[in-house]
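Before any comments, here is the structure.
Each chain gets a letter, A, B and so on, in the order the sequences are listed, and its residues count up from 1.
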Amino acid sequence: MKKFILHNRNDEKRTAERTVAYRELLNDTQYEAVMFQNGPALVIAGAGTGKTRTLTYRVARLIEDDVPPESILLLTFTRRAAHEMLDRAASVLDGRCQRVQGGTFHHYCNHLLHRFAGKLGFPANFTLLDQADAMDTIQHMRSSFVRQTGLRRFPQKQTLLSLFSASVNRQIPLYDVLAKDQPAFLEHYEAIETLQKRYAAYKKDNALMDFDDLLLHTLHLLQNEDQVRTRVAAENRFVMVDEYQDTNRLQADLVKLFSSCHDNLMAVGDDAQSIYAFRGADSRNILQFPEEFPGCTLITLEENYRSVQPVLDLANKLLEQAHQKFEKKLFTRKKEGDLPGLVKASTERDQSRFVAQMILHLREQDIPLSDIAVLFRNGRDSYNIEWELNKSNIPFRKFGGQKFAEAAHIRDVMAHIRVIVNPDDQVAWNRLLLLLDGIGPKTAGELVSWLKRNRKSELGDTHLVSKKYKKQLDRLSMMLAELKTLRNNPHKAVEKAVLYYRPICENRFDDSPKRIRDLEAFVILAAAFNSLDKMLNEMTLDPIDSSAMETESSMKEEAPLTLSTIHSAKGLEWDTVFVIQCLDGIIPSGFSVDSNRDLDEELRLLYVACTRAKERLFITYPISRQSSFGDYFSNPSRFISSLPETILEPWMLIEEKRLLSDTRSISPA
DNA sequence: ACTGCCGACATTTTT
DNA sequence: TGTCGGCAGT
């Protein structure tokens, strides 16, 4: 195809005319990336080399050169990252930066799908399924399927979902995924494939989409509808993709289509920080970018501005252990700094006490809590320390782990909202009916199929139902009828739904007071939206971390400490970082020890964790752990156990000798 | 048909 | 640790 370039008067604006002093604010390579004009470019940015800064200034620079903000697409890994960058860009230049198209792949695809729903064969009010919803749906299909066929040892819903998901995201046939990931289930290949088809058909029939569908349907839309593709690609004059090392095949295909008109694609990332292979990310995307986009300009950011040299020395040493080597050596001009500490605690509780006491000690030296983070591999690795922090009155915020919207009681309330937005949402109907007394799978199923058959969206005149349920169903119907009138008032709608659900909640859960507090928080949260439809979409695409609510509502005056999974800490930095539970079996996870590829990913994870630290880094582990069987000894992570003391300095914890009168010496169990 | 209880089990990380 | 499926009782 031939292309004709339309000139823009101001494209050639000279440096002197720009108001932002890019040359002074950036180093040579950052400047090169910011000033880069047209064509594909790959920016390799090691940890802490000013990647965010570079993207931020590039957005500002483009806009200052009169590129309309709406024609810039900035794809990031989380919504938070996009906001942060655009906010910063706005403070460098002006508010126009906020109008840049931005967010995650899923967000942008969701936006496109709503815009072009007509071309899609989906109604614009389709319901988004988060992972738990998707599993519920699969479970629904699975149980009837297993009953019919009498299959034994058939994969669980979670396994099924991850198989389907891997096949979509990596764009490889289901059979290959199965052979590679779950060879034990190969004998069930045909059954699994049937189930996959049924799942897809079910979603289509009921206007449902899961996360993978957002990407997949967008891909199909752009591939099959020339007009849509041309229009979308023409809109995106400049496309930038952050964290490119964590894109999967499907996302790489999408990026290509998004930028297919102007070819102004800038991919930014670091192959040493690829930590999402488990969800289909393929570091070949970044490694083979130059071949994929011939004529691509390669820009490498190497100087680290974040960490002191001893932290980088440790990071470099870690990477040396990779089976597949990285040609990477971070350096900095910040030569001074303490050696990272390796803290051996006798128990998990002592580990927590050390962290809490060290945090208090640092706070006394005027290091604010908000400059400190505690990082860990799994969401639950922080339970012990959360308890200790609460006891020491240290306010914290936790990222990663269980999300607010994943809790059963929140999902119950959401189900009521979902049937208002999409009356075809059978999963939600099923869920809310099962909450009623005396209604089990059978009756719920009958009611749901009655609704479907009669194309009804309410249960008012069901003759199927015996008097036993009548009263409850009337109460439900009345509430739903009320909700329908409140479609544009989420605050009131959620309030009504919670009022209705409250007695059910008290009946169902032992810990209902805590859950009811959550529900009250939900009501307040809902006030931030102006329609139920929007609220549902936003809450699934951008789930709120479950502990975020508590800290916000308690309005602590001091900016809180951060607790985070390593995955959720990506791209962030703190003055002091604690990496806790650094045990073999946790980092690396026990599931990854059989394969060098998986092991490398765990190593990169630890690398990411360590490179978050600017000044101080502590790696901690307990030598004994408790389990249901009793205590047992645990070993430090294999990644750190052989490092020399000149890189990672061992620390020992010693109990203070206490006076007999000191009652605190008796610690609670 | 539904509910509750018991034992088995898998068990990460996120959009 | 909590979730899932099977079983017995109502």
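If you take CZ of A:Arg380 and C1' of B:dT13, they are 11 Å apart, rounded to a whole angstrom. Regarding A:Leu583, its CG atom lies at a distance of 21 Å from the P atom of B:dT11, rounded to whole Å. Between the NZ atom of A:Lys442 and the C1' atom of B:dT3 there is a distance of 17 Å, rounded to whole Å. Protein atom CG of A:Asp437 is 18 Å distant from nucleotide atom P of B:dA1, rounded to whole Å. What separates CZ of A:Phe376 from P of B:dT12 is a distance of 15 Å, to the nearest Å.
At a threshold of 4.0 angstrom between heavy atoms, the contacts of A:Gly379 are confined to the sugar-phosphate backbone, with no base atom among them. Within the nucleic acid shown, A:Thr565 comes within 4.0 Å of sugar-phosphate atoms alone, with no base atom in reach, counting heavy atoms only. Within the nucleic acid shown, A:Lys157 comes within 4.0 Å of sugar-phosphate atoms alone, with no base atom in reach, counting heavy atoms only. Among the heavy atoms of the strands lying under 4.0 Å from A:Ser568 are primed sugar atoms or P, OP1, OP2 only; no base atom is included.
With B:dT14, B:dT13, B:dC2 as the candidates, the nucleotide lying closest to the side chain of A:Tyr276 is B:dT14. Checking B:dT15, B:dC2, B:dT14 against every side-chain atom of A:Pro441, the shortest atom distance belongs to B:dC2. Listed candidates were B:dT13, B:dT15, B:dC2. Nearest to the side chain of A:Thr443 is B:dC2.
Ring planes of A:Phe258 and A:Tyr108: perpendicular class, angle over 60° (limits at 30 and 60°).
Judged as a ring pair (Phe, Tyr, Trp, His ring centres under 6.0 Å), and not counting sequence neighbours, the contacts of A:Phe77 are A:Tyr276. With sequence neighbours excluded, the residues forming a salt bridge (Lys or Arg N to Asp or Glu O under 4.0 Å) with A:Asp542 are A:Arg79, listed by chain and number. Partners of A:His220 according to the ring pair (Phe, Tyr, Trp, His ring centres under 6.0 Å) rule, which considers only residues two or more places apart in sequence or in another chain, do not exist here.
Counting heavy atoms of neighbouring residues, nucleotides and ligands inside a 6.0 Å radius, atom CZ of A:Arg380 does not exceed 12 of them.
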Under 3.5 Å between N/O atoms: give me all the protein pairs with nucleotides 5-10 of chain B, atom names plus distance.
none

Under 3.5 Å, which protein N or O atoms sit close to an N or O of nucleotides 7-10 of chain C? Give each pair with its distance.
none

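Here the rule is side-chain hydrogen bond (donor to acceptor under 3.5 Å, both in side chains) with A:Asp253, and of A:Gln251, A:Arg249, A:Lys256 only A:Arg249 fits it.
When each of A:Ala444 and A:Leu605 is assigned the nucleotide of DNA chain B bearing its nearest heavy atom, the one mapping closer to the 5' terminus is A:Ala444.
Here the two rings, on A:Phe126 and A:His217, have centers that are 6.0 Å apart or farther.
Taking a 4.0 Å limit (strictly below) on heavy-atom distances, residues 129-142 of chain A reaches DNA chain C at A:Gln139, A:Arg142.
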